[in-house]
J.: 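My questions all concern the structure below.
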Number of protein chains: 10
Amino acid sequence: MSTQPSKEIEIFPNPEPGRDYEIQMTCPEFTCLCPKTGQPDFAILTLTYVPDQSCIELKSFKLYLWSFRNEGHFHEAVTNRILDDLVKACRPRFMKLVADFYVRGGIHTIITVTHQQS
Amino acid sequence: MSTQPSKEIEIFPNPEPGRDYEIQMTCPEFTCLCPKTGQPDFAILTLTYVPDQSCIELKSFKLYLWSFRNEGHFHEAVTNRILDDLVKACRPRFMKLVADFYVRGGIHTIITVTHQQS
Amino acid sequence: MSTQPSKEIEIFPNPEPGRDYEIQMTCPEFTCLCPKTGQPDFAILTLTYVPDQSCIELKSFKLYLWSFRNEGHFHEAVTNRILDDLVKACRPRFMKLVADFYVRGGIHTIITVTHQQS
Amino acid sequence: MSTQPSKEIEIFPNPEPGRDYEIQMTCPEFTCLCPKTGQPDFAILTLTYVPDQSCIELKSFKLYLWSFRNEGHFHEAVTNRILDDLVKACRPRFMKLVADFYVRGGIHTIITVTHQQS
Amino acid sequence: MSTQPSKEIEIFPNPEPGRDYEIQMTCPEFTCLCPKTGQPDFAILTLTYVPDQSCIELKSFKLYLWSFRNEGHFHEAVTNRILDDLVKACRPRFMKLVADFYVRGGIHTIITVTHQQS
Amino acid sequence: MSTQPSKEIEIFPNPEPGRDYEIQMTCPEFTCLCPKTGQPDFAILTLTYVPDQSCIELKSFKLYLWSFRNEGHFHEAVTNRILDDLVKACRPRFMKLVADFYVRGGIHTIITVTHQQS
Amino acid sequence: MSTQPSKEIEIFPNPEPGRDYEIQMTCPEFTCLCPKTGQPDFAILTLTYVPDQSCIELKSFKLYLWSFRNEGHFHEAVTNRILDDLVKACRPRFMKLVADFYVRGGIHTIITVTHQQS
Amino acid sequence: MSTQPSKEIEIFPNPEPGRDYEIQMTCPEFTCLCPKTGQPDFAILTLTYVPDQSCIELKSFKLYLWSFRNEGHFHEAVTNRILDDLVKACRPRFMKLVADFYVRGGIHTIITVTHQQS
Amino acid sequence: MSTQPSKEIEIFPNPEPGRDYEIQMTCPEFTCLCPKTGQPDFAILTLTYVPDQSCIELKSFKLYLWSFRNEGHFHEAVTNRILDDLVKACRPRFMKLVADFYVRGGIHTIITVTHQQS
Amino acid sequence: MSTQPSKEIEIFPNPEPGRDYEIQMTCPEFTCLCPKTGQPDFAILTLTYVPDQSCIELKSFKLYLWSFRNEGHFHEAVTNRILDDLVKACRPRFMKLVADFYVRGGIHTIITVTHQQS
């Protein structure tokens with residue numbers, strides 16, 4: 001398995017596809033750059049999902065988040081982008097991503113994006 | 001972009017209008033004046049909304065809140081006023097504003113105002 | 001405006017009667033007497049309401065609570081009494097009062113009373 | 001009124017039987033004995049109820065809990081027993097009892113029992 | 001009763017099968033091994049269930065959890081496995097297991113599995 | 001023993017006068033009146049002392065604090081006064097009183113007074 | 001080893017008598033009776049000591065504390081008594097006992113007793 | 001007494017000049033302007049002092065802090081300035097001022113200034 | 001570098017031996033067995049030291065703690081043993097180890113051992 | 001003033017060099033790379049210092065910390081390096097830097113480095 005940052009997300013077969021259950025993964029170490037000023041932004045990400053046929057591999061998730069480190073992204077766009085990538089990779093029954101960004105301009109921003117399998 | 005207090009609220013296009021998602025912005029630095037005594041009031045504001053076609057620009061939101069600094073406003077009225085201005089500026093699908101005012105007369109007041117797109 | 005304890009509750013016109021919104025006022029300084037022993041009782045009161053045509057004036061609310069200071073009241077009765085007085089004064093769409101009394105006999109009592117406009 | 005432990009629970013007339021409201025009483029001082037080993041068990045009890053015609057008298061509730069001090073009871077059984085006794089005494093519209101027992105064998109047990117007036 | 005780790009779960013008759021009530025048992029001392037690296041994993045387990053005819057014996061639950069100490073298990077699989085074993089042993093009306101694993105690779109994982117009697 | 005408010009403080013013989021040890025008593029239920037406005041003030045009092053020949057009787061301490069309920073006192077003066085009365089009553093080797101007053105004018109005041117046996 | 005309450009405290013040889021180190025044992029399950037009213041009192045005990053030749057055996061400490069369950073003791077006296085018994089049993093270089101009693105009469109009492117090897 | 005912002009600090013005679021004791025006043029509502037950008041800054045101020053012949057009058061302290069509302073001041077300078085003004089007004093035996101400023105540029109600044117009577 | 005449990009502790013040269021500075025490493029995942037009953041014990045270990053010529057390598061420290069997993073050790077002895085091994089490996093100027101063990105028999109034990117370079 | 005990452009630290013004259021006072025700046029957004037694996041590390045930095053003739057400019061401090069973002073550094077070395085750079089830039093009377101790193105390998109590391117003007 002790679003140990004380099006990568007937009008590829010590895011999955012593994014859900015060991016209990018016959019049951020709806022929830023997996024939550026919290027990463028307090030997300031950082032990317034502001035596309036306007038180039039300055040670093042930081043966020044605590046909390047992903048919650050109900051797997052269908054596949055689960056997200058933990059180390060691969062870490063490397064995926066690392067891949068944003070030197071890229072410019074707006075808060076609203078990057079939160080939607082990460083959810084989209086994760087949904088595409090593991091096709092969950094339900095997925096929610098909460099991005100809790102550090103204070104900028106005296107204001108603390110939290111963005112919550114949700115996906116429901118149709 | 002201006003760096004002066006202003007009642008104008010800037011917006012930018014929602015990067016993901018096809019999905020309902022939530023943005024929360026907390027500002028612990030709101031202050032205005034009491035219209036009866038002229039003395040300063042302080043509040044922590046928490047805005048939560050589901051954008052439709054537009055999002056509120058963070059710096060502009062800060063300058064908008066700053067514009068109340070030397071104006072007299074009653075607690076109930078100013079909370080409704082801010083919600084009204086923000087709704088008019090970005091036409092959200094849903095918006096909630098919580099104004100948590102500091103203790104006055106031994107009493108701690110919190111006002112919660114909500115708007116639902118019809 | 002009076003600065004003496006009083007059972008009269010002053011109101012002012014709701015600045016936004018066209019919208020349902022919530023006002024919460026917490027007072028950690030309520031005290032009355034036990035009607036059996038005459039000893040002081042203490043409680044933290046939290047009032048939450050949705051105003052209709054009128055709002056409760058903050059200073060008047062403080063003086064109203066002060067008026068119980070040297071009166072004897074049972075926990076259950078005084079909580080219902082305060083809600084009744086406040087409902088009569090401002091005719092809210094909804095009102096809830098939580099009275100969180102200090103430990104007596106090793107037991108911590110919290111009483112919650114609710115009114116819904118019919 | 002007695003000041004000795006007793007399984008008798010005193011009640012008094014509900015001062016506001018025309019309204020559904022909630023009373024919560026928390027007692028962090030419950031102790032009984034393990035029926036297998038004879039060793040003391042400890043729990044924090046939280047009782048929440050909606051009175052009908054009667055309320056539970058606070059001091060009597062304390063003496064009732066005290067009466068378990070030197071009796072042997074299993075966790076699950078004693079929690080149901082206390083709820084049953086209290087329901088019989090005051091015939092509430094709703095009652096919930098949460099018994100939060102101290103750690104035994106590295107495991108922390110909480111039991112929640114509920115009664116609904118039929 | 002044995003004092004050795006064992007996959008056998010002892011039960012005892014529910015003292016109040018006529019009522020739906022909830023039992024919660026939290027164990028902060030769960031440990032097993034990672035099947036890929038052989039390194040120890042740690043979790044805080046919280047089990048919540050509504051018993052039907054049987055309850056789980058506390059000491060037996062402790063010995064059951066102990067039996068995983070030197071076995072290799074993936075997070076998702078072991079959480080589902082423990083729920084399955086407990087459901088088979090006591091046939092509850094409802095059961096939920098939350099496994100809160102310690103940080104690995106900067107990511108904190110919580111898995112929640114639920115069973116409903118059909 | 002009286003059950004009425006009283007400036008008399010009862011004492012009992014220190015059971016261990018040969019050893020320096022510390023007694024701390026916290027009372028969150030102190031209230032008196034503001035001598036300028038007549039409005040109620042509230043404080044949490046924490047008394048810490050090393051007894052010499054006498055200890056302060058707990059119920060008497062409660063009645064002593066109750067005696068201030070309808071008297072007017074400035075924050076600084078009443079804190080010193082209580083310490084003086086307690087020192088005179090029990091002649092401790094060391095005594096400290098912390099009075100933590102509720103917010104007035106947006107300002108939270110804490111007063112700490114200490115006595116050392118000479 | 002006995003499993004009955006007992007005033008006998010068992011000790012075992014300090015495995016590292018050549019070094020000063022500290023052992024802290026906290027027991028939230030201490031209860032005795034009030035000698036005046038016969039009612040139960042509860043406290044959290046925290047013992048901290050530097051062993052000399054002997055350490056206090058954990059299970060024996062639990063049974064020792066249990067032995068106070070049905071005895072009447074004043075707060076100040078029982079705290080000194082427990083320290084005295086423990087000092088006599090294990091002759092520590094230093095020992096401190098903090099007894100944090102539950103609220104009585106609206107007052108929360110903490111007693112701290114210390115012994116220094118001479 | 002004035003109710004307008006003012007750099008004049010009123011004092012009153014220390015009721016107990018024969019004893020060293022400590023007064024702490026916390027104000028979470030301090031605001032001034034950044035002298036470079038003109039934007040508002042916010043801080044929580046905590047003043048601790050041992051009075052000599054005079055104490056600081058609470059309402060006057062509030063009006064004094066209010067007087068900085070529309071003035072430009074650097075963090076380090078304004079904290080020293082306030083301490084200097086307060087020392088000059090009441091000549092305390094000891095005084096400490098802690099200014100805890102809100103986050104700017106992702107950095108949280110706390111400044112602590114102390115004065116000792118020589 | 002090995003990835004197996006080992007009593008060998010790897011070190012690396014202190015990058016700043018000319019300065020006294022402090023390194024703290026907290027591991028919430030320590031477990032060993034009770035030598036009397038064979039049952040698992042758990043503790044949170046906090047190591048604080050001032051390095052001299054060598055620092056403790058983080059991964060090696062983890063593998064060292066892992067090596068106790070299936071060994072029997074008394075609380076007091078194992079805490080002293082770990083300190084001794086670490087002192088021997090890196091010869092620090094100062095070292096302190098705090099072992100915070102999980103509740104056993106209703107008692108929570110914390111052991112603190114310190115070494116000072118002579 | 002630059003808005004790019006830079007190892008240059010700007011200073012400004014201390015407005016009160018005649019007094020010893022303390023400035024604390026906390027930055028929760030420090031990140032660099034592990035020199036062995038290239039993976040990102042994260043830390044919360046807390047700097048406390050007593051300025052002599054110069055103070056550290058806040059924005060410049062932020063840009064300085066940013067400059068480590070894509071560099072490889074060991075925990076112990078980078079903490080000492082930052083202290084050295086800051087001491088060289090502003091020659092403080094006293095300075096302390098605490099670097100609180102995120103969990104790696106199940107271990108949480110905090111490094112504290114101090115400088116005293118000689």
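Since this is a predicted model, take the numbers as computed values, not measurements. In what follows, chains are A, B, ... by sequence order, proteins preceding strands, each numbered from 1.
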J.: List for me each residue that meets salt bridge (charged side-chain N to carboxylate O under 4.0 Å, His left out) alongside F:E29, sequence neighbours excluded, and say none if there are none.
T.: C:R104
J.: So which atom in F:G106 and which in H:P28 form the shortest heavy-atom distance, rounded to 0.1 Å?
T.: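 Reported closest heavy-atom pair: O-CD, 3.3 Å.
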J.: Got a sec, which pairs hit ring-ring contact (aromatic ring centres under 6.0 Å, His included) with one end in residues 88-118 of chain F, sequence neighbours left out?
T.: F:F42-F:Y102, F:H75-F:F101
J.: Select one option (side chain, backbone, both, neither) describing which atoms of H:C55 are under 4.5 Å from chain F's heavy atoms.
T.: side chain
J.: Check this for me: F:K96, atom NZ, are more than 12 non-hydrogen atoms of other residues, nucleotides or ligands nearer than 6.0 Å?
T.: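 Open: at most 12 neighbouring heavy atoms sit under 6.0 Å from NZ of F:K96.
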J.: Within residues 15-23 of chain H, which residues come under 4.5 Å of chain F, heavy atom to heavy atom?
T.: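 If one takes a 4.5 Å heavy-atom cut-off, the residues of residues 15-23 of chain H near chain F are H:P15, H:E16, H:R19, H:Y21, H:E22, H:I23.
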J.: Excluding sequence neighbours, so at least two apart, what forms salt bridge (charged side-chain N to carboxylate O under 4.0 Å, His left out) with H:E8?
T.: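 Checked H:E8 against salt bridge (charged side-chain N to carboxylate O under 4.0 Å, His left out); zero matches.
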J.: Does H:L58 form a side-chain contact (heavy atoms from CB on, under 4.5 Å) with F:T109? I'd like the steps, not just the answer.
T.: CA-CA 9 Å; H:L58 185 124; F:T109 302; 3.3 Å; yes
J.: Look up atom OG1 in H:T26 and atom CD1 in F:I110, then write down how far apart they are to the nearest 0.5 Å.
T.: 6.0 Å
